[in-house]
Enquirer: 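My questions will all concern the structure given below.
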Amino acid sequence: MIYYKTDEEIELLRLSNMLVGRTHGEMAKLIKPGVSTSKLDAIAESFIRDNGGKPGFLGYNGFPNTLCISINDAVVHGIPSEKIVLKDGDIVSVDCGVFMNGYYGDSAYTYTVGEVDEKIVKLLQVTKESLYKGIEKAIIGNRLGDISYAVQQHAETNGFTVVREMVGHGVGRNLHEDPEVPNYGKRGRGVILKKGLVIAIEPMINIGKRDIYQENDGWTIKTKDGLPSAHFEHTIAIGEKGADILSSFKYVEDVLNEK
Ligand code: MG
Ligand code: MG
C-alpha cells in the first residue's frame, strides 16, 4: 500500500534528505587512496548524530553500519571494513540513510578514487544521467513504468546493462515502502504518479553483464563477471511543478569541483 505524503511530511523528508546530502559532502572531502571504508563510516555516523539525525541503515534488517560502501564490482550493500582501503583507480558507491523527525532520507553517489579508466568514468556519467532521465518522467499523471523505461533506455543505448533484482522504493516513515521502482520496464505501465508520492530512484548499472550474486557476508551484492558497477540515488517527491528532488548532490559537487 502506498502512503502519499502531505506537504508538511515532505518538508520533514526534505530535512532528512538534506542531512544525507551534507553527509555525502563530508565523504567527498575524504575519499582518496589510502582511506579505509570503516573510517568513512565512522565519520559519517558522527556527522549524522552531531546534526540531530540517526543513521538510517544501522541495524536495519541487521545491517551493521551507517553506510553501504561498495567498491568496483560490488554493486550495493557493501559492509565498511578497516581491511578495505581505497586505492587509485577504484570507484566507490556510498549509500547513506538518515532517520530524523520520524522520516527517512536515502541517497547514493559513486565517487572516483584518483585516476579512473575512461570507460569507467563514462559508466558513472551515464548512470547519473539515467537517474536524471528517470526523474524527468516523475511527474503527475505519468506511470511508474515511464521512469523505469527512461532509466533503462539511457543505460542500454550507451552500451551498459541494468541490474534487475535490486530496485528503488517508496520512502517515508519507513526506509523501504511501496511502490518498488525498478530500473527497467515499459512505458505506460505501473501505478499512476500522484502528488505526494515520495520515491527513491536508484539505477544500478553495470559495464559488463547484468547478473549479480550475494557474497558470503550475507550483504554485499557483486557482479558475476567481476566488472564494475555504478549506483546513484535520489529521493524525490512528486509535486505540482514536477519532481521535487529532496536529496542533494550539491554538497558533493561543490567539493569535487574544488579538487
Ligand atoms: Mg540508498
Ligand atoms: Mg534506496
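For ligands, and for the atoms within them, numbers begin at 1 and follow the listed sequence. Computed from a prediction, not measured in an experiment: that's the story for all the values here.
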Enquirer: Could you please spell out the steps behind the side-chain contact (heavy atoms from CB on, under 4.5 Å) verdict for Lys224 and Ile212?
Expert: CA-CA 5 Å; Lys224 272 196 183 156; Ile212 55 169; 5.8 Å; no

Enquirer: Strictly by side-chain hydrogen bond (donor to acceptor under 3.5 Å, both in side chains), give each pair with a member in residues 185-196 just once, sequence neighbours left out.
Expert: Asp7-Lys195, Tyr149-Arg187

Enquirer: Please state whether the separation between the Mg ion (ligand 2) and some N/O/S atom of His176 is under 2.8 Å?
Expert: no

Enquirer: Using the salt bridge (charged side-chain N to carboxylate O under 4.0 Å, His left out) rule, collect all pairs that involve residues 30-47, keeping only residues at least two apart or in two chains.
Expert: Glu45-Arg49

Enquirer: Hey, could you give me each pair passing side-chain hydrogen bond (donor to acceptor under 3.5 Å, both in side chains) that has a residue in residues 10-21? Not counting sequence neighbours.
Expert: Glu11-Arg14, Arg14-Asp244, Asn17-Thr235

Enquirer: Using a cut-off of 2.8 Å, how many protein N, O or S atoms lie below it in distance from the Mg ion (ligand 1)?
Expert: 4

Enquirer: Whether Lys87 and Asp90 form a salt bridge (side-chain N of Lys/Arg under 4.0 Å from carboxylate O of Asp/Glu) is what I want to check.
Expert: yes

Enquirer: Tell me whether Lys128 is salt-bridged to Glu253, with the criterion being a basic N under 4.0 Å from an acidic carboxylate O.
Expert: yes

